[in-house]
Colleague: 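Once you've had a glance at the structure underneath, I'll fire off some questions.
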Amino acid sequence: MKTLNEMLEKQMNDENFRKEYEEMQPEFDVIRAIVGARTSQNLTQKELADQLFVSDKTVSKWERG
């Protein structure tokens, strides 16, 4: 079974894939920042949602991109 990194490395050889992936990188960075900040504070999605006055479904959607 291939690892995610092995699969990604293979896909990055495709110029169209690589271009799309690189264009999405800022979005991935925001998602990582949200998840990282939430988990570093030991917050659940529900707890973060309550603090931001949004639903936990909204936080989940943000984290899924």
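Quantities reported herein were computed from a predicted structural model and do not represent experimental measurements.
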Colleague: Minimum heavy-atom separation for Arg18 and Met12, please, with both atom names.
Modeller: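 Between these two residues, the closest heavy atoms are NH1-O, 2.8 Å.
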Colleague: So, the side chain of Glu27 versus the backbone of Met24: is there a donor-acceptor pair under 3.5 Å, distance only?
Modeller: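 Not a single qualifying donor-acceptor pair exists.
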Colleague: Are there over 12 heavy-atom neighbours, none belonging to Glu63, within less than 6.0 Å of that residue's CD?
Modeller: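 Counting neighbours around CD of Glu63, more than 12 heavy atoms of other residues, nucleotides or ligands fall under 6.0 Å, so yes.
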Colleague: For Met7, is the CE atom crowded, meaning more than 12 foreign heavy atoms sit under 6.0 Å from it?
Modeller: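 Counting other residues, nucleotides and ligands, CE of Met7 stays at 12 neighbours or fewer.
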Colleague: Kindly compute the distance separating CD (Gln45) from OG (Ser55), expressed to the nearest 0.5 Å.
Modeller: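 Interatomic distance, Gln45 CD to Ser55 OG, rounded to 0.5 Å: 10.0 Å.
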Colleague: Is it true that, when you exclude Glu23 itself, more than 12 heavy atoms of the residues, nucleotides or ligands shown sit nearer than 6.0 Å to its CD?
Modeller: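 Counting neighbours around CD of Glu23, more than 12 heavy atoms of other residues, nucleotides or ligands fall under 6.0 Å, so yes.
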Colleague: Taking all heavy atoms of Ile31 and all of Trp62, pick out the closest pair and write down the distance.
Modeller: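 Smallest interatomic distance, heavy atoms only, reads CG1-O, 3.4 Å.
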Colleague: What's the separation between atom NZ in Lys10 and atom NZ in Lys2, rounded to the nearest 0.5 Å?
Modeller: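 It comes to 4.0 Å.
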Colleague: Please report the interatomic distance NZ(Lys19) to CD(Glu22), rounded to the nearest 0.5 Å.
Modeller: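 The distance works out to 10.5 Å.
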Colleague: Would you give the length of the straight line joining atom OG1 of Thr3 to atom CG of Leu8, rounded to the nearest 0.5 angstrom?
Modeller: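 With rounding to 0.5 Å, OG1 (Thr3) is 9.5 Å from CG (Leu8).
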Colleague: Measure the CZ-CZ distance between Arg32 and Phe28 for me, rounded to the nearest 0.5 Å.
Modeller: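 Arg32 CZ to Phe28 CZ: 7.5 Å, rounded to 0.5 Å.
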Colleague: Can you hop from Leu52 to Val35 via hydrophobic side chains spaced under 4.5 Å?
Modeller: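 In one cluster with Leu52: Val35, no.
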Colleague: Decide yes or no for Phe53 and Thr58: does some side-chain heavy atom of the first lie under 4.5 Å from some side-chain heavy atom of the second?
Modeller: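 No, side chains not in contact.
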